[in-house]
Amino acid sequence: MTIERYNPREAEPRWQQAWQQAGVFETPADDPRAPYYVLEMFPYPSGRIHMGHVRNYTMGDVVARFKRACGYNVMHPMGWDAFGLPAENAAKERDIHPGEWTYANIATMKAQLKAMGLSLDWTREFATCDVAYYTQQQSLFLDMLEDGLAYRRQSKVNWDPVDETVLANEQVIEGRGWRSGAPVETRELTQWFFRITAFAAELDAALDTLDGWPEKVRTMQRNWIGKSEGLHFEFGLVDAPEGFERLPIFTTRPDTMYGASFAAIAADHPLARKLAETNPEVAAFCETCRRTGTSQEAIDTAEKLGFDTGIRAAHPTDANWHLPLYIANFVLMDYGTGAIVGCPAHDQRDLDFALKYDLPVHDVFVPADTGERVSDTAFVPPKTQTVRYVRWAGEETVQTCRAAMDASLAKFEAAGWGRRQTQFRLRDWGISRQRYWGCPIPIVHCESCGVVPVPKADLPIKLPDDVTFDRPGNPLDHHPTWRHVACPQCGADARRETDTMDTFVDSSWYYARFVTPHETARPVDPQAATRWLPVTQYIGGIEHAILHLLYSRFFTRAMSRTGHMAVDEPFEGLFTQGMVVHETFSRARDGRDEWVSPEDVRIEDRGGERVAFLAETGEEIAIGSIEKMSKSKKNVIDPDDIIAGYGADTARFFMLSDSPPERDVIWSEAGVEGAHRFVQRVWRLVGGAAGNLSDVAPLAASEGDAGEISKAAHKTLKGVGEDFGRLGFNKAVARIYELVNVLAAPLQAVSDGTADAAMCGACREACEILIQMLAPMTPHLAETCWHALGRSDLVAEQPWPVFDETLVVDSTITLPVQINGKKRGELAVARGADHSHIEEAVLSLDVVRAALGDKPPRKVIVVPERIVNVVV
RNA sequence: GCCCCCGUGGCGGAAUUGGUAGACGCGCGCGACUCAAAAUCGCGUUCCGCAAGGAGUGCCGGUUCGACCCCGGCCGGGGGCACCA
């Protein structure tokens with residue numbers, strides 16, 4: 001019997017409509033089943049979806065469909081992270097309003113997502129630029145302000161003096177503005193901050209409870225929060241200006257205090273500012289430091305520079321021991337007290353500085369074995385390693401740094417030279433942005449009343465639509481009327497805050513809003529939010545490991561503290577998926593390399609080597625490195641082309657095959673074709689046999705050929721269920737391939753009418769299992785096959801099948817036999833055979849006898865149901 | 001510069017987390033079907049070697065009966081670094 005090819009173009013829209021009509025993916029509020037909240041990081045509406053989105057949303061969809069089948073009340077919403085810089089860039093470049101551009105992109109991308117057949121509850125959709133959403137965000141801001149979690153202070157920004165604009169770090173290229181090319185300056189502005197440091201200790205400690213997160217993400221967050229125990233002390237300053245006689249310092253290495261050779265303060269330290277007032281040289285130096293920019297990377301990689309203030313710092317242990325006091329460009333005002341003590345022997349940065357300024361290097365400890373002294377590489381062993389302390393708070397001793405740090409702290413405290421202190425590296429979160437396309441900060445500045453919060457009754461503060469981008473700077477600032485407003489307190493003329501919020505604020509609570517997306521009276525319904533949160537499984541890119549996830553953890557706490565819900569953590573399970581990358585192609589053009597889109601490239605095989613040609617002209621071009629898909633390198637594959645050509649199921653299946661989901665995946669046309677062949681193969685086999693199976697009752701067999709089929713099906717079912725639970729999609733795919741290989745011949749026999757009743761029953765059951773396992777990954781194909789088997793209901797509504805325990809265990813197992821750790825033979829034994837029986841059988845094997853000769857074995861290691869190793 | 005991760009055949013990857021390295025897929029080779037091609041099906045495919053056998057998980061060293069897996073040191077690639085999202 002021949003069968004028509006599976007036609008996804010016809011089948012996919014049909015099933016998508018069927019699901020929608022049945023409302024299978026909508027989450028009822030009053031459902032008694034256990035809730036399961038699956039969420040993928042919502043996209044920025046950049047224009048079109050890319051393969052990274054396809055991968056991310058396919059993974060989430062498999063989880064959602066699988067958990068739904070497992071009996072959970074699944075919530076799987078989608079929305080748009082819609083504020084941000086690109087919309088303003090589009091406005092400038094193409095004279096289109098940011099809102100218009102954004103909503104047009106959303107429409108396009110929504111249609112693309114719909115074509116993927118995702119099991120999303122679209123009734124919950126919103127965009128963060130919707131007035132309804134940012135109104136509630138303004139309300140949250142006011143609550144946080146009232147609670148002391150929002151405040152204003154001075155802080156630095158990158159300033160482009162030519163464009164007269166604040167620049168984002170990514171807009172600063174090698175110290176210059178990306179458009180103007182002018183050297184970037186830093187400016188101090190009064191800006192709004194969220195007091196995330198109020199939760200520093202809690203955010204750190206609670207990491208231990210996040211069992212459902214990858215260890216690497218927890219480690220990154222722990223390092224970012226940077227909790228450290230150390231010594232707080234003060235230097236007495238000699239020849240310092242009045243009021244600066246004491247200099248507070250925090251050091252994490254009290255054990256190295258006797259190796260100090262200088263002290264240094266940040267260019268923004270109050271003392272440095274004081275000195276700059278009267279000393280032009282100091283002022284000039286501080287200005288140089290500020291030009292480095294605001295990014296940590298720029299500060300760390302800049303040449304270490306210092307300026308000797310002439311002031312001397314008296315060591316706390318000995319008032320006569322004076323250290324020079326420098327202003328240094330690598331000291332940060334934001335961390336600790338903005339001042340450090342330098343110990344060159346045991347810190348590379350301090351050593352570089354000491355060598356540059358000819359300062360002494362005192363070894364505090366030396367390697368316990370060699371006793372080697374420091375020359376041009378600082379000696380920084382792990383704190384758990386034992387070393388010989390030669391110059392510290394006690395006798396010469398061999399001990400770990402950890403022990404010496406504890407002992408030093410105790411000694412300093414006892415002597416009254418300082419005290420123990422816990423310090424965090426985490427800084428407060430600056431949220432002010434001098435931009436138009438963001439959530440307005442609901443504040444009014446009044447001459448007489450000062451900073452006045454907008455009363456909640458006056459919300460929302462809407463963005464004005466009539467803005468222009470032909471002038472530099474923030475359009476809200478030079479809008480003719482928007483900023484002028486009466487003071488909510490005294491009624492006098494006042495002006496609005498024109499800064500908008502960092503877009504990270506928008507994405508810090510959207511997961512909570514999805515629970516009750518249409519609430520108008522408040523950000524979230526506290527009871528519903530508390531019931532649905534935390535998100536059961538959150539899926540997104542590893543690039544968000546620190547900022548987005550940490551800000552969300554802070555927001556959950558802030559919202560709980562201000563009474564919006566009672567939730568500790570936003571995301572119970574976290575999965576970070578890898579990127580979709582593609583090879584790049586380029587050709588030389590006018591002496592420069594020009595990127596070529598893969599669509600214009602033809603690949604040929606030349607003696608086993610891949611060679612690329614420009615399809616149109618036949619010109620040979622270069623195959624470049626494999627990189628993250630980006631428009632600038634033209635290595636982008638449009639998902640629409642794949643879906644139009646092969647169907648959504650093929651695209652989905654390919655995204656789940658082969659590469660482990662946490663790792664990057666390389667896009668290749670060959671891989672897509674492989675996935676598509678599989679889709680067709682399943683249809684050919686199941687669809688072909690369906691006619692002879694539609695009247696057969698599914699029945700597992702335990703004996704004979706039919707038994708082999710049922711065993712394979714149930715073993716696969718067990719494995720795939722475990723794989724889906726762990727998001728191990730590539731392994732599930734491999735298992736299903738194996739099962740299909742096993743089913744191929746029997747299904748052909750059913751098709752040919754040569755299969756007996758037992759075989760037909762087993763095949764019918766195996767097909768149903770196969771279809772249900774495929775359903776989360778290739779849902780349209782699954783429905784088509786299901787229907788062909790004579791079922792009139794939807795796979796999407798079927799409960800997950802249960803495997804039969806007796807079919808998944810084998811009665812005999814094959815043990816590999818090693819001699820000295822190398823596999824030399826095999827031994828078939830009954831499951832549960834006892835140790836001595838196995839040992840006896842192994843020793844009588846020919847290979848073992850030959851290896852032993854006439855000597856007895858030194859040792860025989862039997863690992864039950866695993867392996868046997870004979871040591872000779 | 002700092003923090004985190006990754007490295008296995010021609011390619012994507014698997015290995016029950018210290019127990020048979022290379023499952024499954026792609027590619028390639030051979031064969032079947034076909035007038036022919038496509039599609040499909042079957043067999044083979046880590047490397048060296050005719051073979052017996054030997055080598056082998058980025059490199060060097062260590063622990064162990066046994067190491068892709070644990071430890072130390074290097075090399076290469078990626079992510080993040082607080083205003084890209």
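Note: hydrogens, waters and symmetry copies are ignored here, and every other heavy atom, side chains too, is used.
Atom pair A:Asp300:CG and B:rA82:C1' shows a separation of 13 Å (rounding to whole Å applied). As rounded to whole Å, 13 Å separates atom P of B:rC84 from atom CD of A:Glu543. Going from atom CG of A:Leu549 over to atom P of B:rG80 covers 13 Å, rounded to whole Å. Computed from coordinates, the A:Leu305 CG to B:rG1 P distance equals 17 Å when rounded to whole Å. Counting to the nearest Å, the C1' atom of B:rG80 and the CH2 atom of A:Trp224 are 7 Å from each other. Here the P atom of nucleotide B:rC84 and the CD atom of A:Glu88 are 14 Å apart, to the nearest Å. In this structure, CZ of A:Arg179 is placed 20 Å from P of B:rC83, rounded to the nearest angstrom. Atom CE of A:Met41 and atom C1' of B:rG79 are 13 Å apart (whole Å).
Nucleotides B:rA67 and B:rU16 have their P atoms positioned 16 Å apart, rounded to a whole Å.
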- Message: Please evaluate residues A:Asp502 and A:Arg433 with respect to the criterion salt bridge (Lys or Arg N to Asp or Glu O under 4.0 Å), reporting the C-alpha separation (whole Å), side-chain torsions for both, the decisive distance (0.1 Å), and the verdict.
- Response: CA-CA 6 Å; A:Asp502 178 6; A:Arg433 298 292 180 271; 3.1 Å; yes
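The minimum heavy-atom distance between A:Ser228 and A:Thr252, with the atom names listed, is OG-CG2, 3.5 Å.
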- Note on the structure: Base-pair string, RNA chain B, Watson-Crick plus G-U, cut-off 3.5 Å on both distances, | for inter-strand, is (((((((..(((......[....)))((((((.......))))))(((....)))..(((((..]....))))))))))))....
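Nucleic acid contact class of A:Asp664 (heavy atoms, under 4.0 Å, all strands): sugar-phosphate only. Using a 4.0 Å heavy-atom cutoff across all strands shown, A:Phe678 reaches no nucleic acid atom at all. No engagement by A:Leu815 is indicated, since no non-hydrogen atom pair under 4.0 Å with the nucleic acid exists. A:Gly671 comes within 4.0 angstrom of nothing in the nucleic acid, heavy atoms only. Across all strands shown, A:Arg425 has heavy atoms under 4.0 Å from base atoms, whether or not it also approaches the sugar-phosphate. Among the heavy atoms of the strands lying under 4.0 Å from A:Arg663 are primed sugar atoms or P, OP1, OP2 only; no base atom is included. Heavy atoms of A:Glu738 sit under 4.0 angstrom from primed sugar atoms or phosphate atoms, though from no base atom.
Each of A:Glu826 and A:Leu85 was matched to the nucleotide of RNA chain B holding its nearest heavy atom; the match closer to the 5' end belongs to A:Glu826. For the pair A:Asn223 and A:Gly674, nearest-nucleotide mapping onto RNA chain B gives the more 5' position to A:Asn223.
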- Going 5' to 3' through nucleotides 63-70 of chain B and flagging B where a protein heavy-atom sits under 4.0 Å of the base, S where only the sugar-phosphate is that close, and - otherwise, we get --BS----
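Listed for the A:Gln191 side chain is no donor-acceptor partner under 3.5 Å among the backbone atoms of A:Gly430. A:Asp810 contributes no side-chain N or O that, together with a main-chain N or O of A:Thr812, makes up a donor-acceptor pair within less than 3.5 Å.
For the residue pair A:Arg179 and A:Asn89, a side-chain donor N or O sits within less than 3.5 Å of a side-chain acceptor on the partner. Judged purely by distance below 3.5 Å, without hydrogens or angles, the side chains of A:Asp81 and A:Ser507 never pair a donor atom with an acceptor atom. For the residue pair A:Gln221 and A:Arg553, a side-chain donor N or O sits within less than 3.5 Å of a side-chain acceptor on the partner.
Here A:Lys304 contributes atom NZ and A:Asp350 contributes atom CG; the two are 10.5 Å apart, rounded to the nearest 0.5 Å.
Distances were taken from every side-chain heavy atom of A:Tyr551 (C-beta onward) to each of B:rC41, B:rA82, B:rA23; the shortest belongs to B:rA82.
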